[in-house]
Amino acid sequence: MRMSKLFSRTLREAPSGAESRGYELLLRAGFINQLGAGIFSQLPLGYRSIKKIEEIIRQEMDRIGGQEILMPVVNPAEIWKETGRYYSIDKELSRFKDRVGRDMVLAMTHEEAVTDLARQQIDSYKRLPNMVYHLQTKWRDDPRPRAGLIRVREFTMKDSYTFDKDWDGLEKQYAAHYDAYFRIFKRCGLPVIAVGSDTGMMGGKIAHEYMYLSPIGEDSIIICPDCGITTNKQVAEFKKDYYPEEILESEIVETPGTATIAELAAFLSIPTRKTAKAVFMMGTFTDENGEEEERLITAVIRGDLDVEEAKLQNAAGANRLRPAQDEEIRKTGMEPGYGSPIGSNCMVIVDDSAAKSNNLVAGANKAGLHTLHTNFGRDYTGKTADIASASEGDTCPNCDASLTISKGIEVGNIFQLGTKYSESLNCTFQDEDGTRKPVVMGSYGIGIGRLLACLAEEYCDDSGLKLPLAVAPYQVHIVSLVKNNEIPEKIYNELSDTGIDVLFDDRKDSAGVKFNDADLIGIPVRIVIGNRTLKQDAVEVKLRSGGEAEQVPISDLGQKISDILSEMRKLESL
RNA sequence: CGGGCUGUAGCGCAGGGGUAGCGCGCUUGGUUCGGGAUCAAGAAGUCGGUGGUUCAAAUCCACUCAGCCCGACCA
């Protein structure tokens, strides 16, 4: 490609609003362009990188038995109603009506579509196991897109789906994906860790997320430095300490002005772990008729801990949660700031920290009053679950080391869906024994644009991008500094003819402009053609990753470049 | 959806009742030609939109749209 003809151009200044380095460089180098909030175009350079990433993904998916298909972005709402997600997912799922008034949705993922496909294709155990994948646009009307390509509304995702006759089969395909994902990220050059994760709106049992650790990440990952366990904070477990003691009679005492745990503990001169905190949330549930309703949830946890909302949502079986407002709490006879599960007539979820502790101080559901010595079982009941939020310094449940916390960006995930979708959409097969069974499914995603955004964060310096050879838009960048482009043209054509992706700066700009643009775009190998070396029938070859420029005779250039590229490939695959 | 900020030339910004400016970029010509050259001459903006106040609005007021940041939210 000749730069004089390149559709995009570089920007000297970062467009306002580009807060992360990688995002700024993708914009300045002309890889992407923003059309609206969370809506981006891929320009020629960016799209070339995207296509290289996609090709790596295709190869690795094919390698574990995937078959590429393409499913529609627009789905009839019917299948989404069948699985219930039409009702359980809020505004993130965009709905519209077609010309005759049929309900339609913009697919934000393709479990419904693929399960509908599978129920038509798969009728017998003989057709299992199977696996399909596609690379398709998703639309998710995120309430707050941000951070460039990290969190967008429209994006391309590779999603694959596995079909098995039993959980053993699913385990195998899941394991295959687990490894394939590491190969994909490795080949792209992105360092990731796999963390245990919440299954969220996907439902299902086991799930992992692939995280690129970065301070600009929005997910919190709990990491054990000793045994290496990594978990999304949303589901991270940790070892809780208990302080069993003899159960005492409860007693109501006056505690004026102690609406927070800190105030209460200070007023009574007790540690916060001697208190029970009641947290009120409004949960959205789907009733038998498919209608949504909000119900108050009282979450009880020991005062020294905090509630992890994702855990609470799972324990409660709610579609989503939001903090309850004071009036909503009072309406059910409880008192904000002095809340107590005692006598509660709404759903109560109790963290085991509170359930297994004795004689905690809880609210009395009257302002200014608390109850001493409350005990789970005797004074109140409820569903017990782990709903506590893990944080830095908590104890690893596995090896007793002190946990640490890091920020990460989720670039991929894998889910064991099980039969959630096959059951709701009646995707069944006839097994060897003649019985009809639901297909056991798995679902596996990679956000392509987000992956590129992470690579941009990982591979950049003060001058610009420096993407790995495997995903760089071009392999070689020819910078011509001579007026007569005859020799550069010849070199450009010769290299291109050997199948190398070459970007040729044939513009009539000054050397400085060309060098700076070359640094900014960051093609791995740079050939500088100038009078300085041309006198000796030589050019300079320099790597974007660093090191000195090397003078190479033109006659040896083809071999030299080919050697460099294969050396680079070798290094990147280590 | 709450809180904050910003919309003026392709990009980055200034101006703040009297009819629009700077830097970069762009066009043409000259001189340059190995790290964002230089001189000269140009082109380019319904000042996000609508309504109002005023003799007069980019500027003041109201509403609205869009984008960004924080939070809520979120495979």
Side-chain angles (χ1 to χ4, degrees), chain A residues 8-20 23-24 27-28 30 33-39 85 89-93 107-111 138 140-148 150-153 155 157-159 195 197-204 207-211 216-220 232 234-235 281-282 284 309-310 313 319-323 325 409-417 442-447 450 463-464 479-484 505 507-520 526 528-535 539-540 542 549:
Chain A
S8 61
R9 60 174 178 180
T10 56
L11 301 172
R12 284 203 190 183
E13 286 177 281
S16 62
E19 67 288 354
S20 87
Y23 178 34
E24 177 196 325
L27 289 168
R28 283 187 49 212
N33 189 267
Q34 182 169 14
L35 180 61
I39 306 176
R85 290 209 287 188
I89 296 174
D90 204 16
K91 290 180 182 158
E92 203 181 349
L93 176 66
M108 52 196 289
T109 172
H110 283 81
E111 280 76 20
K138 313 283 187 224
R140 293 184 189 177
D141 199 356
D142 195 293
R144 182 144 120 71
R146 68 184 115 183
I150 302 289
R151 194 158 145 191
V152 292
R153 295 194 292 172
F155 58 99
M157 171 176 268
K158 185 291 297 178
D159 38 332
V195 309
S197 77
D198 185 29
T199 52
M201 74 169 187
M202 305 293 315
H208 285 90
E209 291 168 339
Y210 290 76
M211 293 283 185
I216 67 166
E218 299 185 290
D219 284 287
S220 294
N232 193 311
Q234 293 179 323
V235 293
M281 304 289 292
M282 294 302 289
T284 304
E309 282 189 29
Q313 183 176 328
N319 297 335
R320 55 185 170 272
L321 297 179
R322 65 171 175 85
Q325 288 163 1
I409 300 168
E410 180 191 351
V411 287
N413 54 39
I414 54 179
F415 288 93
Q416 293 194 0
L417 293 177
S443 156
Y444 318 81
I446 292 177
R450 187 180 276 190
S463 316
V479 177
S480 167
L481 301 178
V482 291
K483 262 179 277 193
N484 183 345
D505 196 343
R507 298 174 301 174
K508 297 187 193 337
D509 280 296
S510 70
V513 169
K514 294 184 177 186
F515 284 134
N516 277 297
D517 277 349
D519 290 341
L520 180 58
R526 180 182 310 173
V528 179
I529 305 173
N531 290 324
R532 214 184 257 175
T533 54
L534 218 46
K535 284 177 237 159
V539 297
E540 282 167 46
K542 191 172 183 299

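Treat the numbers as computed from the prediction; the structure is a model and nothing was measured. So that the names make sense, note that chain A is the first sequence line, chain B the second, and so on, each numbered from 1.
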Under 4.0 Å, counting only non-hydrogen atoms across every strand here, what does A/G530 touch: a base, just sugar-phosphate, or nothing? base
Requested in this report: Would you mind classifying the nucleic acid contact of A/G36 as base, sugar-phosphate or nothing, using non-hydrogen atoms under 4.0 angstrom?
Outcome: sugar-phosphate
Here the distance between atom P of B/U6 and atom CD of A/E19, to the nearest Å, is 18 Å
>> Using a heavy-atom cut-off of 4.0 Å across all strands, would you classify A/P15 as base, sugar-phosphate, or nothing?
In response: sugar-phosphate
A/D141 atom CG is separated from B/C73 atom C1', nearest whole Å, by 12 Å
Taking B/G23 as the reference, what is the distance to B/U32 when you measure between their C1' atoms (whole Å, please)? 22 Å
Next on the checklist: Under 4.0 Å, counting only non-hydrogen atoms across every strand here, what does A/A310 touch: a base, just sugar-phosphate, or nothing?
Outcome noted: nothing
note: A/R144, atom CZ; B/G4, atom P; distance rounded to Å ~ 15 Å
Any strand, both distances under 3.5 Å, Watson-Crick or G-U wobble: B/A43 pairs with none
A/E92 CD to B/C74 P, in whole Å, measures 8 Å
If you measure from the C1' atom in B/A20 to the same atom in B/U59, how many Å do you get, rounded? 12 Å
Practice task
With the side chain counted from C-beta on, respond yes when A/Q34 and A/Y23 share a heavy-atom pair under 4.5 Å apart, and no when they do not.
Solution key: yes
Check your understanding: Are any non-hydrogen side-chain atoms of A/V513 and A/R12 less than 4.5 angstrom apart?
Key -> yes
Here the distance between atom C1' of B/C74 and atom NZ of A/K91, to the nearest Å, is 15 Å
What's the verdict on side-chain contact (heavy atoms from CB on, under 4.5 Å) for A/N232 and A/E410, showing C-alpha distance, side-chain angles and the deciding distance?
CA-CA 10 Å; A/N232 193 311; A/E410 180 191 351; 5.9 Å; no
When both distances are under 3.5 Å in a Watson-Crick or G-U wobble arrangement, the nucleotide paired with B/C63 is B/G49
Considering only NZ, NE, NH1 and NH2 on the basic side and carboxylate oxygens on the acidic side, decide whether A/D141 and A/R153 come within less than 4.0 Å.
-> yes
I'd like the P distance from B/U38 over to B/G25, given in whole Å.
9 Å
Using atom P in both nucleotides, what's the gap between B/U53 and B/A57 to the nearest angstrom? 11 Å
Between CZ of A/R153 and C1' of B/C68 the distance, given in whole Å, is 14 Å
When rounded to whole Å, the CD to C1' distance for the pair A/E13 and B/C26 reads 15 Å
Paired with A/S197, the side chain to side chain contact (heavy atoms under 4.5 Å, CB included) test is passed by just one of A/E209, A/Q234, A/M211, A/H208, namely A/E209
A/E540 has its side chain closest, among B/G34, B/C70, B/G67, to B/G34
Letter by letter from the 5' end, nucleotides 35-45 of chain B scores (B base, S sugar-phosphate only, - none; protein heavy atoms under 4.0 Å) BBS--------
Is any N or O donor-acceptor pair between the side chain of A/R151 and the base of B/C73 shorter than 3.5 Å? yes
- side-chain N/O A/Q34 vs B/C68 OP1/OP2, d < 4.0 Å: yes
Rounded to whole Å, the CG-P distance (A/D509 to B/C24) equals 15 Å
Taking the C1' atom of each, how far is B/A44 from B/C11, in whole Å? 14 Å
| query | Within the structure shown, what part of the strands sits under 4.0 Å from A/E309 by heavy-atom distance: base, sugar-phosphate, or nothing? | reply | sugar-phosphate
*Could A/R526 and A/D519 be called an ion pair, given the rule that one side-chain N must be under 4.0 Å from one carboxylate O?*
yes
Looking only at B/C13, B/A72, B/G34, the nucleotide nearest the A/L481 side chain is B/G34
Re B/G2: Watson-Crick or G-U wobble partner, both distances kept under 3.5 Å, found to be B/C70
For B/G12, the nucleotide meeting Watson-Crick or G-U wobble distances (both under 3.5 Å) is B/C22
*asked:* Taking any heavy-atom pair under 4.0 Å as a contact, classify A/R146: base, sugar-phosphate, or nothing.
replied: base
